[in-house]
Amino acid sequence: MKKFLAVLTSVALGAALAGCGSTDDSGSGSGGSAGNNGGGSSGGKTVGIAMPTKSLERWNRDGEYLKKQFEDAGYTVELKYSDNDSNQQNNDIEGMIADKVDLLLVAAIDGNTLSQTLDNAKSAGIDVIAYDRLIMNTDAVTYYVSFDNYTVGKLQGEFVRDQLDLDNAAGPFNIEFTAGDPADNNAGYFFNGAYDALKSYIDAGKLVIPSGKTTFEQVATPSWSTDTALENMQNTLASYYSGGTQLDVALCSNDSTALGVAQAITSDYAGSNTPIVTGQDGDIANLRNIVDGIQTMTVYKNVNDEAAVTLEVSKAILEGQTPDASLVDKFNGIDASYDTESYNNGVKNVPSYLLVPYVITKDNLQVLVDTGLYQWDADKKYLESTATTT
Ligand code: GAL
């Protein structure tokens, strides 16, 4: 019953987020709308935005912020969510190509399955920006806008190091990893960043992984599914922690997986300590868990800023320019770097604009309120989204 309530709460919160009204994807047409073409220098151009799914909270915010910012700049927006189904995403993008959009922004469901479709975009003269997740094996991607993904994982690992005082404490401490979707190119960066930050302590035996699951493949979570993360953690707890072994850290790559892992710990962990649980995204349900002490931190990525950077890159492309390092000066103080070395998609180094993530704990939640994207609820206890419509 307890577990059921926890799941229900997270679903209800997801639905409440941003007034999205629904956590299902309701097909490919969801969110599509026309802008007013009224302002800016858009020249009546249309931007096609392909988002992965409405079932993971952050993409609702991305879709909303992108749509608003592009429409405010005078563009028409065609926004599609593809229900975490890569076939559907290919079809949705083909539809946008047929609609003659002028630019495509794509947050890939599976970074390896879009080559043919994006080649078609290229043949039609449509530039493609890989949004947040790199798209692999195609030269049709012109730019990549994301956060420094390796740093996301590094911040999680360093947080654990500092919390446990690994340089001084005797240990040993027990840790388990939960990583993301193997189809998402970001997921490996997150895992590696975290693992590398902790590797010397693991090698020295100060951090122990009782399950023996030390590789990304062993701890990956298809579709970043909360339910899968929950089941995997329940199995790990049953197999390796039932005899009184203490779990000190559950290092989770993002908030959707942290939600499941925290539920498993709440329902199935017998120990009396509170394990450190990491996350990423600042999802509302996870921010509640942080207030309640069930999750310890999240790495926050301001996706409104990611949308703003994407708009600047898009504008430059649509105006016939070739964005480079100098474009960073137009980001209105948003901390971002231009990187032509780090992200190779198997065909080329994709020029990248990378924003900066940072750590949120229950002690600095006000930082999120200060972004204007979150607000305290009536009791000043939990955070809720300030966004209103999608
Ligand atoms: C990643 C993204 C993360 C997280 C995850 C699951 O690609 O960078 O912020 O949201 O997908 O949606």
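Both counts, for ligands and for their atoms, begin at 1 and track the order of listing.
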Check: Leu318 and Lys45 side chains under 4.5 Å, non-hydrogen atoms:
yes
Would you say the rings of Phe177 and Phe190 are close, in the sense that their centroids are separated by under 6.0 Å?
no
Should the ring pair Tyr353 and Tyr338 be called parallel, tilted or perpendicular, given that the plane angle runs from 0 to 90° and is split at 30 and 60?
tilted
Numbered atoms of ligand 1 (with element) below 4.0 Å of Asn254, judged on heavy atoms
4 (C), 5 (C), 6 (C)
Counting heavy atoms only, which part of Phe147 comes closer than 4.0 Å to ligand 1: side chain, backbone, both or neither?
neither
Tell me: protein heavy atom nearest atom 12 (O) of ligand 1, and distance?
Trp59 NE1, 2.8 Å
Quick check on contacts: which atoms of ligand 1 are under 4.0 angstrom from a heavy atom of Lys301?
2 (C), 3 (C), 8 (O), 9 (O)
So which of Asp184, Asp281, Asp255, Thr257 gets nearest to atom 7 (O) of ligand 1, if we judge by its closest heavy atom?
Asp184
Under 4.0 Å from one or more heavy atoms of Arg133, ligand 1 contributes atoms 1 (C), 5 (C), 6 (C), 7 (O), 11 (O), 12 (O)
Closest approach of any protein heavy atom to atom 5 (C) of ligand 1, naming residue and atom
Trp224 CE2, 3.5 Å
Which of the atoms in ligand 1, numbered in the order shown and given with their element, are less than 4.0 Å from a heavy-atom of Asp132?
2 (C), 7 (O), 8 (O)
With a 4.0 Å heavy-atom cut-off (strictly under), which part of Phe190 contacts ligand 1: side chain, backbone, both or neither?
side chain
Parallel, tilted or perpendicular, as decided by the 30° and 60° cut-offs, for the rings of Tyr131 and Trp59:
perpendicular
With side-chain contact (heavy atoms from CB on, under 4.5 Å) as the criterion, how do Gln366 and Val369 come out once you've worked through the C-alpha distance, each side chain's angles and the decisive distance to 0.1 Å?
CA-CA 5 Å; Gln366 181 61 33; Val369 176; 3.7 Å; yes
Between the side chains of Asp83 and Gln88, does any donor sit under 3.5 Å from an acceptor?
no
Is Glu64 salt-bridged to Lys68, going by a charged N under 4.0 Å from an acidic O?
no
